[in-house]
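The structure appears below as structure tokens.
For the single chain, residues carry numbers from 1 onward in sequence order.
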Amino acid sequence: MPSASTEASTTVGAVPSVSTAVSAAVSDADSRMAPGGPGYRRMSFALFLAGVATFALLYSTQALLPLVSSDFGVSASEASWTVSAATGALALFVLPMSALSERFGRRTLMTASLVIAVTVGLLVPFAPSIGALVALRAVQGAALAGLPASATAYLAEEVRPKALITAIGLFVAGNSVGGMSGRVITGWVAQEWGWRVAVGTIGLIAVACAVAFRLLLPAPRHFTPGSLRPRVLARTVRGHLANPLLCRLYAIGALFMMVFGGVYTVIGYRLTEAPFSLPQGIIGSVFLVYLVGTVSASTAGRLVARLGRRGSLYLAGGTTTSGLLLSLADSLILVLLGLVLITAGFFAGHAVASSSVSHTAQEGRAQASALYQSAYYVGSSAGSTLGAVAFHSGGWAGTVTLGLLAVLGVVSITVFGSHAARAQSRRNPALAH
């Protein structure tokens, strides 16, 4: 990660010179948090809880789609919009939310986002129709948009550079725990009391996470507010989109999430059908494999240290591919093993790509992270919808085919990036990534 200070370089208003930013970083680098230092554990646990709440709320209906379909009398592709609407709204609003975080502060925006999201979460169980449910989920997704980009920007400003990948990995691990616990809890609760009580339970859990997050997260010490100037924001965004490496990372995040979103949106439908015919509670427990994602995301820093960024992405892509192919079997054990590999590969790839964005962007890190999150959740929304369509038209094999094409895209982009880096190294070794 470059040593330029993010407290100056990420403002939406006037951007100081690089030399000023470097001087500021040199003067305050030792005051940033590091593993074992003051406030680091509180910060890590607070953002872990924010990640738990975000994914638990965002995907609260995913494991319940067969029940939602039955309750409202709609198809799998129609029910999948309760997931796609939330992730699509998040993708749409994450960039504007990142601009607000530059003005009002990371902690303030994350707190406000959680408050709105959990409030809507308590209203979701009372949705009278599929249209109302989709609308509430869209509002919830828009509110949650304040979390991802603000969290990574907060970490980039408050954590020492060498600890950044590990810190972001812990936040991503919170995502995996939230996704897992939300689906497992909703599965068993829904089996006894229906999907409405299940999503209400997730709302109450998210309330507890939001309160603990606000009490635990240390106040920022390296944030400098900027003004909301759309012209400067647009210039910053154009600069990021003109960076080939950042664009490759955005595409990789979107493609990985397309695989993940597609697989987990329709896996419940597959497991309710023959030859498995599993009850809702058991299907919810399948999402315990998310714990594998917790491990793979939290160890991303060590993986990059050993294999490098591109080597880690190749490994993540290969692991995901192996999981997709195994999941084609009619054996429940092999399907579960396939889900384990898909989950491990996805979370490792996501942690590597997202932390690489923060490492690459020397200015406007909040916007760089927001663009990544936007692409990531566009991939989730597309994966949820296309995965359901593929399942409807070609069964599980159709969903797997979609996933394999997305992984092929990840590998192709990474290979292209390797060639580009070698060419750049030959031209100017000092500038190669």
Side-chain angles (χ1 to χ4, degrees), residues 5-13 24 28 31-35 37-58 90 93-121 140 142-161 163-164 166-175 178 206-228 233 354-355 357-358 361 364-370 372-373:
S5 172
T6 56
E7 67 186 279
S9 61
T10 59
T11 57
V12 178
D28 69 13
S31 65
R32 297 182 187 185
M33 287 181 282
Y40 185 85
R41 287 185 178 179
R42 285 181 56 207
M43 177 274 299
S44 297
F45 189 53
L47 288 178
F48 178 85
L49 290 175
V52 169
T54 298
F55 256 47
L57 289 171
L58 192 62
L90 192 153
F93 280 87
V94 68
L95 186 58
M97 288 291 194
S98 75
L100 291 176
S101 81
E102 299 283 12
R103 178 66 182 88
F104 300 106
R106 320 298 187 198
R107 189 171 69 160
T108 299
L109 188 67
M110 287 189 285
T111 301
S113 294
L114 278 176
V115 168
I116 296 171
V118 298
T119 301
V120 175
Q140 196 170 46
L144 288 171
L147 266 295
S150 297
T152 52
Y154 176 93
L155 290 170
E157 292 164 353
E158 305 299 329
V159 175
R160 295 183 189 180
L164 181 60
T166 299
I168 291 179
L170 288 172
F171 175 65
V172 174
N175 292 167
V207 169
C209 288
V211 172
F213 162 81
R214 187 61 180 82
L215 293 175
L216 290 172
L217 189 69
R221 299 177 60 190
H222 302 281
F223 170 74
T224 300
S227 60
L228 295 175
L233 174 62
S354 61
S355 60
V357 169
S358 296
R365 284 195 179 92
Q367 285 72 51
S369 295
Y372 175 83
Q373 296 293 336

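Between atom CZ of residue Arg221 and atom CD of residue Glu157 there is a gap of 13.5 Å, rounded to the nearest 0.5 Å. Rounding to the nearest 0.5 Å gives a distance of 6.0 Å between CG of Leu144 and CG of Leu58. A distance of 9.0 Å separates CG of Leu90 from OG of Ser113, quoted to the nearest 0.5 Å.
The side-chain contact (heavy atoms from CB on, under 4.5 Å) check on Pro220 picks up Arg107, Tyr154, Glu158, Phe223, with sequence neighbours excluded.
The shortest heavy-atom contact between Arg106 and Ser101 is NH1-OG, 2.9 Å. Taking every heavy atom of both residues into account, Leu49 and Phe213 meet most closely at CD1-N, 4.4 Å. For the pair Val159 and Met43, the tightest heavy-atom approach, listed with the atom from each and the gap, is CG2-CE, 3.7 Å. Across Ala117 and Gln140, no two heavy atoms sit closer than the pair O-NE2, 3.2 Å. Listed here is the closest heavy atom pair of Val357 and Ala368: CG1-O, 3.5 Å. The minimum heavy-atom distance between Gly146 and Met110, with the atom names listed, is O-CG, 3.8 Å.
Counting heavy atoms from C-beta on, the side chains of Arg214 and Leu114 never come closer than 4.5 Å.
When the shell of 6.0 Å around CZ of Arg41 is examined, it contains 12 or fewer heavy atoms from other residues, nucleotides or ligands. Atom CZ of Phe93 has 12 or fewer heavy atoms from other residues, nucleotides or ligands within 6.0 Å.
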Margin query: Leu217 vs Arg42, test: side-chain contact (heavy atoms from CB on, under 4.5 Å). Steps then yes/no.
Written below: CA-CA 6 Å; Leu217 189 69; Arg42 285 181 56 207; over 6 Å; no

